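Below you'll find the structure, written out as structure tokens, and then a few comments.
Order of appearance sets the numbers: ligands from 1, and atoms from 1 within every ligand. The figures here come from the full heavy-atom set of this structure, side chains too, leaving out hydrogens, waters and symmetry mates. All values reported here derive from a predicted model rather than from experimental measurement.
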Amino acid sequence: MAATALGTLFRGRGVRTWFDARGELLRAVDGVDFEVPRGGALGVVGESGSGKTQLFLSVLGLTSGLPGIVAGTAEFDGLDLLEGIEDFIRLDPSGRGFEALDTGGWRRRHQSRTKRLESRVSLLFQEPRSALLPYWTVQKHFKAVLAPAPDWRARAEAAIGELGFVDPGRVLGALPEELSGGEAQRVMLALSMVLHPDLLIADEPTTAVDAVSQTLILDRLVAMRRDPDFSLVIISHDLAVVKLLAGPVMVMFRGRVVERLHVDDVRGLESELTLADEAGSAPEDDRPHHHHPYTRELLLSQASRAAGLPIVVDGGGHGELEAVSSGCRYRGRCQLFRGTTLDPAVRTRCESDEPELREIGPDRSIACWAVAP
Ligand code: SF4
């Protein structure tokens, strides 16, 4: 995995977030390693239900009230957030379930530990209104974060001004319902950053906003990336956003990382797909693949969306968490598996064994039996 000269700020190993949903085990996150470079940015891409949001919410103790388990290790600047969880919740040795000994006790312990990160980690979600209190003005939100600092209002105005508001005074006096969705998201980003956290986790920050706000938010995030003391996790289904902001990228599908690569590799794959398109290559070609079929699908669907074409997903819808069967969890959607060029021995493996991530080059790993190193 990528490491920078400044090292790693936030690292997870073997993170599992499993839920017991009416007797069915849902593996929302299923053995994920991650590293957020200190002073750098990690991109996390995948469709809804891929586990990309749950991964960070669960290690930070922010998951819903469903009975579940978080396992593995998650270390933020030397603080192990999941230390001691085995005293409260145990994984079944078969790997098929878990035993909750004291979930309430674990929640209290976990939250007391993550509380220490309060001013060091900020979160920015897709729905800004759900994070703003509807009966508080914007000013009151800033005051709650900054007071009793005597210059709190000046700092609030400066933070708002950096998000493109020409009249910060008007915005500070507004209630959330008096702001557009894009304005509310810009306010949320200003609030998230006003205490200069070490890490911002931005989850689909531009998905539900107008084009102007999208540009202003991305410009601000790009500017913040120049600060060597600031780290970012950018979670998105949109590779264009990730390409703008991240260095290392991990691609997630149904709870697993299926590919790790660098944004430069994403750009390389994009031009490879464009060239193949221009050359009129058949969708099923027998050249060696160097990327996971799901990464290719993401890029192709993004290109279709950009061209205004319908996005077709064969063999299973987007989004739902599913119980895991044997073999590769992507195979119902995999064009390679469904085609005729796949080696029969590889095909059998796709059906029987879940592929693990294999390193295939510097900072690159892929979980696919068919991908050539
Ligand atoms: S392991 Fe097989 S089914 Fe899974 S992505 Fe690779 S080719 Fe497709």
Trace of the side-chain contact (heavy atoms from CB on, under 4.5 Å) decision for Met252 with Met250:
CA-CA 6 Å; Met252 290 188 67; Met250 54 190 216; 4.3 Å; yes
Go through the steps for Glu177 and Arg129 under the test salt bridge (Lys or Arg N to Asp or Glu O under 4.0 Å), then give the verdict.
CA-CA 8 Å; Glu177 65 173 18; Arg129 289 185 204 285; over 6 Å; no
Evaluate the criterion salt bridge (Lys or Arg N to Asp or Glu O under 4.0 Å) for residue pair Glu83 and Arg113; output intermediate values, then yes/no.
CA-CA 10 Å; Glu83 187 186 45; Arg113 196 161 302 168; 3.7 Å; yes
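For atom 2 (Fe) of ligand 1, protein N, O or S atoms under 2.8 Å: 1 in total.
By the 30° and 60° cut-offs, the orientation of the rings of Trp136 relative to His141 is perpendicular.
Salt bridge status for Arg331 with Glu354: absent, with no side-chain N to carboxylate O gap under 4.0 Å.
In summary, the atoms of ligand 1 found under 4.0 Å from a heavy atom of His292, numbered by their order in the structure, are 5 (S).
Residues satisfying the ring pair (Phe, Tyr, Trp, His ring centres under 6.0 Å) test with Trp106, not counting sequence neighbours, are Phe88, His110.
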